[in-house]
Structure formats: structure tokens, C-alpha cells
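These notes are about the structure you will find just below.
Sequence lines set the chain letters: A, B, ... in the order given, protein chains first and strands last, and positions in each chain run from 1. These numbers were taken from a predicted model, which means no experiment stands behind them.
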Amino acid sequence: MAKQAWLMKSEPDVFSLQDLKSRPRQTEPWDGVRNYQARNFMRDSMKLGDPVLFYHSNTNPPGVAGLAKVSSGPKPDLLAFDKKSKYFDPKSDPDNPRWLLVDVKYVAEFPNYVALNLLKEDPQLEGMLVAKRWQRLSIQPVDWDHLLRVLELGGLDEGLLKS
DNA sequence: GCCAACGTTGGC
DNA sequence: GCCAACGTTGGC
């Protein structure tokens, strides 16, 4: 059974790795996902403690800012029930929520930000989804050896994965 | 700000 | 249930 890692995208202007770090428990529900494939990863596949590469999109340059981890099981995305939220979804029934999420907890910021162009150029990262053109999915599975390589590029010791 | 890709919506 | 139109993502 291979260990699974993940990559989760966020626009740093909206919610950055530094924002996660400054939360009281350094934990935040990953709300606002309105894509079924991404939801299914959170609902069905993520395990407590799985490592998460925190990716900054829509910024210059885009890239992986650091490491986080899955810190809850699946639970309803409450924004779907909030009429004032841009993520409100009238089709999500509180008794049978359409949108589920997990909590994500800060682990560490990379000493070296790993920009997208580095991911694309690195031969060891060939096939990594985020490095492919037109890959828009905001939550992606990451192979374990790709995770280790990105940690190395970021300047983090893989011992952090054991915490 | 452009625009390719692609997921979603809704008319039929 | 097809598929055109529309909206969103996200790199550039």
C-alpha cells in the first residue's frame, strides 16, 4: 500500500500558507471547493496525516510554498449553506450535504519556494500533474517519490513527515 | 487581460 | 441524454 500525498491550490491573495500558519490552531477547513473530482478526493481518499503540498496559484510565480497535512476526516462545507457566501449552493441539503471538506494543518514553510518552472524542469518530477499544461484541478494526488523530491527542492527534511 | 481547456448548465 | 453556450481556472 503506497503512501499517498496531495497538492492543494490556493490563491495567496485569498488564502496563503502564511494565513494558515497564523490561524490560532494553524488549522483551517478547506472550504469553497466546488468541483466534484476535488471533493471526491477529500471525501473518499484523504487520510488523517496525509502530507499536503500547499500550492500558490494565480500569483507570480506560481509554486509550492510549503508543507501542510490533512487534519480531519470529511465533514460538510458550511459555506454551502450560507446565503451570503459566494460558495452558497442552494442544492446542498443540510441533511445530505453535497460539498464535503477536510481540515488542513500547517506543517512548515519551505526555505526555498519551489516555483512551477522548477517543477516542470526537474527530470525526477516527470509526470507530476501540476507540471502538466492545462491541469486545472485544485486538489491533486501526488506520488510519494514526487513529494520527497519537492521537499528536497524546498529545503525541508523529510523527517517532518513523521510528525 | 488574454485565452485554452474543460466542467457545468439547461434547452430541446 | 445530447450538446451548445457559458463560466471558471490559472498560466502567461
**Item:** Base of dT8(C) paired with side chain of Arg136(A) (donor-acceptor, under 3.5 Å)
**Value:** yes
**Whole angstrom value for the distance that separates C1' of dT9(C) from CG of Asp13(A)** = 15 Å
**Prompt:** Is Arg34(A) paired with Asp77(A) through a side-chain N to carboxylate O contact shorter than 4.0 Å?
**Reply:** yes
**Asked** Rounded to the nearest Å, what distance is computed from the NE2 atom of residue His56(A) to the P atom of nucleotide dG11(C)?
**Response** 12 Å
**Request:** Nearest whole angstrom, please: distance from the P of dT8(B) to the CD of Gln37(A).
**Result:** 9 Å
**Asked** Is the number of heavy atoms from other residues, nucleotides or ligands within 6.0 Å of CD (Glu126(A)) greater than 12?
**Response** no
**Item:** Atom-to-atom span, NZ of Lys132(A) to C1' of dG11(C) - whole angstrom
**Value:** 17 Å
**Item:** Protein-nucleotide distance (Trp134(A), atom CH2; dC2(B), atom C1'), rounded to Å
**Value:** 10 Å
**Asked** Between atom CG in Asn60(A) and atom C1' in dG1(B), what is the gap in whole Å?
**Response** 14 Å
**Item:** Phosphate OP1/OP2 of dT9(C): any Lys9(A) side-chain N/O under 4.0 Å
**Value:** no
**Item:** Asn58(A) or Lys91(A), whichever maps to the more 5' nucleotide of DNA chain B
**Value:** Asn58(A)
**Message:** Any base atoms under 4.0 Å from Lys120(A), or only sugar-phosphate, or nothing? Heavy atoms, all strands.
**Reply:** sugar-phosphate
**Message:** Tell me which pairs pass salt bridge (charged side-chain N to carboxylate O under 4.0 Å, His left out) where either residue lies in residues 12-28 of chain A, with sequence neighbours left out.
**Reply:** Arg23(A)-Glu28(A)
**Asked** What integer distance in Å separates Asn35(A):CG from dA5(B):P?
**Response** 18 Å
**Item:** Spacing between Arg133(A) atom CZ and dA5(B) atom C1', to the nearest angstrom
**Value:** 10 Å
**Asked** In this structure, which one of Asp157(A), Leu161(A), Leu160(A) forms a side-chain contact (heavy atoms from CB on, under 4.5 Å) with Leu151(A)?
**Response** Leu161(A)
**Message:** If the cut-off is 4.0 Å, is Tyr36(A) near the phosphate of dC6(B), judged by side-chain N/O to OP1 or OP2?
**Reply:** no
